[in-house]
Structure formats: C-alpha cells, structure tokens
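Each ligand, and each atom within it, is numbered from 1 in the order the structure gives.
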Amino acid sequence: MPADSMKRIAVLSGAGISAESSISTFRDHNGLWRTHRFEDLATPEAWQRNPLLVLEFYNVRRKQLFEVEPNAAHYALKRLEQHYHVDIITQNVDDLHERAGSTSVLHLHGELKKARSTGNPDLVVELTHWELKWGDKAPDGAQLRPHIVWFGEAVPNISPAIQIVKKADILLVIGTSLQVYPAAGLLGYASQHTPIYLIDPQATGHRDMDNIHLIRKKAGEGVPEIVEQLLTISI
Ligand code: OAD
C-alpha cells in the first residue's frame with residue numbers, strides 16, 4: 001500500500017509499556033516516585049543543590065537500560081507499520097521502541113542515553129556508556145547533564161506531538177496514568193471521531209469522551225491483541 005494512503009495511528013506511551021521489560025513505573029506501588037522524592041532528583045533545583053545525587057539516580061537507570069530488552073508490546077507496535085503510518089509519542093526516556101524497530105518515535109521527556117550541555121540546551125550528545133560523571137564536558141566545554149525534561153522545565157516536543165495527534169485516525173494510549181501535563185492533555189487534541197484505545201490495567205473512562213475504549217490488560221497482552229485486530233481490519 002502506498003505510504004500516503006495508509007491510515008495514521010498515533011501512540012502515546014508511558015512507563016507501563018516498559019514495565020514488563022523490568023523498568024519501574026513512577027506512580028504504581030513501588031514506583032520510582034513512591035520510593036524517591038522527585039524534588040531531590042528530577043528538578044533544576046535538585047541539579048543546582050546536589051548534581052552528584054542527580055547523576056547517580058540517572059546512572060543507575062541508564063545502567064539498567066543497557067541490560068533490558070523490548071517486550072511483546074514494543075514489538076507489536078513495530079508490526080503495525082506493515083499497514084499503517086505509525087507515530088509513537090513516548091513519555092519514556094528509554095529506547096525500547098527504537099530497539100523494537102519503530103521508525104517514528106518522539107520523546108516528550110528526553111532520552112536516558114543522551115546528555116546535553118548545561119551551557120547550550122541544543123547541544124546534545126549520545127552516551128555509549130552508562131556512567132555520566134561530574135567533570136564530563138560537552139564539546140563547548142560546559143558540564144554535561146542528563147537529557148531529561150525535569151519538573152518545571154518546558155516540553156519542546158509537545159508542539160509536534162499535538163500535530164501528530166490531530167492528524168491521527170486512531171489513537172492508542174498505553175501504560176500511562178495520564179497525570180503529567182502537557183502529555184496528558186494530548187488526548188484532547190484527537191478529533192471527536194477518532195477512536196482512542198486505553199491499554200492499561202488501571203485504565204479509567206473520561207466523562208466527556210465517548211470515543212474511548214478501555215482495555216484493562218497489561219501491555220504485553222493487550223497491545224499485541226489490539227494490533228492483531230487492527231492489522232486484520234486493514235486488509
Ligand atoms: P506512571 O507511573 O504515572 O503510570 C504508569 C501507568 O502504567 C499506570 O497507569 C499503571 O497502571 C500502568 N501499568 C503498570 N504496569 C503496566 C503494564 N504491565 N502494562 C500496561 N500498563 C501498566 O507513569 P507515566 O504516566 O509514564 O516524567 O508518568 C508520566 C511521567 O511522570 C514520566 O514520563 C516521568 C514521570 O515523572 C519525567 O520523569 C519527566
């Protein structure tokens with residue numbers, strides 16, 4: 001099928017899609033923000049106060065990311081590309097969508113395997129090793145910091161994300177508590193007629209939206225199921 005006649009699927013993913021790859025979520029029982037104070041780790045003020053603590057927190061997560069693999073949900077989304085134009089918008093800082101082969105992945109909250117200059121936010125470098133240390137410098141000579149959008153910081157990729165959702169024929173929302181804005185507000189940009197599938201064991205309906213379908217399953221089960229249905233109806 002010519003790419004421009006394909007229907008468009010937008011995916012908004014959150015920590016839940018990577019849970020079955022052994023990456024912690026944030027707000028579930030035992031989630032990262034249940035066991036750690038985000039104010040000490042994920043804000044510009046925390047970086048000013050104690051950069052070593054912030055570096056250590058992200059180093060632990062980056063080390064783990066080098067050791068885990070995509071799961072059935074990530075691979076199923078790649079299969080959707082056989083018959084749809086698929087754009088993934090992820091709140092996750094892992095690279096599991098990319099490693100499963102998805103070709104269009106927009107990171108709203110940054111990327112764990114990248115760092116950026118504290119002197120120039122546009123100067124971003126790839127990290128090939130898990131450890132980012134105090135004293136590691138960007139090409140401009142400034143200290144490198146994790147390439148993560150911290151609480152209180154702008155979300156530069158929200159504008160392209162809004163455009164993707166506006167154009168979508170179908171929206172899949174996977175493994176997110178929808179508690180963090182502006183990401184959670186993306187659902188409001190879908191057209192009234194765009195079916196929205198929420199795949200999350202804790203998914204709940206939205207009072208004023210009757211185009212929402214709840215699939216209360218783990219991503220590793222619910223995503224392959226909906227993907228197989230979508231591939232079947234596209235033929
Ligand atoms: P949360 O931890 O808030 O929500 C995770 C969601 O995943 C919950 O709704 C769970 O029910 C669901 N879940 C758990 N296990 C699952 C599974 N196996 N399959 C499917 N769903 C499952 O994570 P996010 O909504 O992604 O930002 O959090 C949004 C942002 O808050 C994150 O990007 C992060 C955090 O602060 C930054 O760090 C900047």
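- The N/O atoms of A15, backbone and side chain alike, include one that comes under 3.5 Å of an N/O atom in ligand 1.
- Using a non-hydrogen distance threshold of 4.0 Å, P201 registers as a contact of ligand 1.
- Distances below 4.0 Å separate heavy atoms of V180 from the following atoms of ligand 1: 29 (C), 30 (C), 31 (O).
- Under 4.0 angstrom from ligand 1, there are no non-hydrogen atoms of F38.
- Under the 4.5 Å side-chain heavy-atom criterion for ILVMFWY residues, no single connected hydrophobic cluster contains both V149 and L132.
- No salt bridge links K114 with E98; every basic N to acidic carboxylate O contact stays at or beyond 4.0 Å.
- Under 4.0 Å from ligand 1, the heavy atoms of A19 that appear belong solely to its side chain.
- Within the 3.5 Å criterion, the main-chain N or O of A203 finds a donor-acceptor partner in the side chain of R216.
- Ring geometry for W33 against F57 counts as parallel: the plane angle stays under 30°, on a 0 to 90° scale with 60° as the upper cut.
- Contact annotation: for I148 versus ligand 1, there are no heavy atoms closer than 4.0 Å.
- In terms of protein heavy-atom proximity, atom 39 (C) of ligand 1 is nearest to V149 O, 2.9 Å.
- Close N/O approach between F26 and ligand 1 is found [any backbone or side-chain N/O within under 3.5 Å].
- Follow the hydrophobic side-chain contacts under 4.5 Å out from I23 and you never reach L108; the two are in separate clusters.
- Geometrically, ligand 1 and N92 share no nitrogen or oxygen pair separated by less than 3.5 Å.
- Taking only nitrogen or oxygen atoms, main chain and side chain alike, K218 does not reach within less than 3.5 Å of ligand 1.
- In terms of protein heavy-atom proximity, atom 11 (O) of ligand 1 is nearest to D200 OD1, 2.6 Å.
- The protein atom (non-hydrogen) at minimum distance from atom 5 (C) of ligand 1 is G175 O, 3.8 Å.
- The contact set between ligand 1 and G14, taken as ligand atoms under 4.0 Å from a residue heavy atom, comprises 26 (O).
- Taking the charged nitrogens against the carboxylate oxygens, E20 and K218 have no contact shorter than 4.0 Å, which rules out a salt bridge.
- Protein heavy atom in closest approach to atom 14 (C) of ligand 1: D28 OD2, 3.2 Å.
- When heavy-atom distances to ligand 1 are checked against a 4.0 Å cut-off, F151 comes that close only through its side chain, counted from C-beta outward.
- Applying side chain to side chain donor-acceptor pair (under 3.5 Å) to E81 and the options H85, K78, H83, R79 leaves one that passes, K78.
- Heavy atoms of T25 found under 4.0 angstrom from ligand 1 belong to the backbone as well as the side chain.
- The hydrophobic cluster containing V54 also contains L32, counting ILVMFWY residues as joined when their side-chain heavy atoms lie under 4.5 angstrom apart, directly or transitively.
- Under the 4.5 Å side-chain criterion, counting only non-hydrogen atoms from C-beta, L55 is in contact with W47.
- Residues V155 and Y181 fall into different hydrophobic clusters, defined by Ile, Leu, Val, Met, Phe, Trp and Tyr side chains chained together at heavy-atom separations under 4.5 Å.
- At distances below 3.5 Å, at least one donor-acceptor pair connects side-chain atoms of Q143 with backbone N or O atoms of K133.
- Looking at R27 against ligand 1, both its backbone and its side chain come within 4.0 Å, counting heavy atoms.
- Some N or O of S177 is nearer than 3.5 Å to an N or O of ligand 1, by distance alone.
- Considering only non-hydrogen protein atoms, atom 29 (C) of ligand 1 sits nearest to Q91 OE1, 3.3 Å.
- The single protein non-hydrogen atom nearest to atom 36 (O) of ligand 1 is W33 NE1, 2.8 Å, given as residue, atom name and distance.
- In terms of polar-atom proximity, defined here as any N/O pair under 3.5 Å, H109 does make such a contact with ligand 1.
- The distance criterion of under 3.5 Å between nitrogen or oxygen atoms is met by A219 with respect to ligand 1.
- Atom CD of E67 sits in a crowded spot, with more than 12 heavy atoms from other residues, nucleotides or ligands closer than 6.0 Å.
- A continuous path of Ile, Leu, Val, Met, Phe, Trp and Tyr side chains, each step under 4.5 Å between heavy atoms, connects I226 with I88, placing both in one hydrophobic cluster.
- For atom 18 (N) of ligand 1, the closest non-hydrogen atom on the protein side is E20 OE2, 2.9 Å.
- When all heavy atoms of R116 and E153 are compared, the closest pair comes out as NH2-OE1, 4.0 Å.
- Of all protein heavy atoms, the one closest to atom 16 (C) of ligand 1 is G16 O, 3.6 Å.
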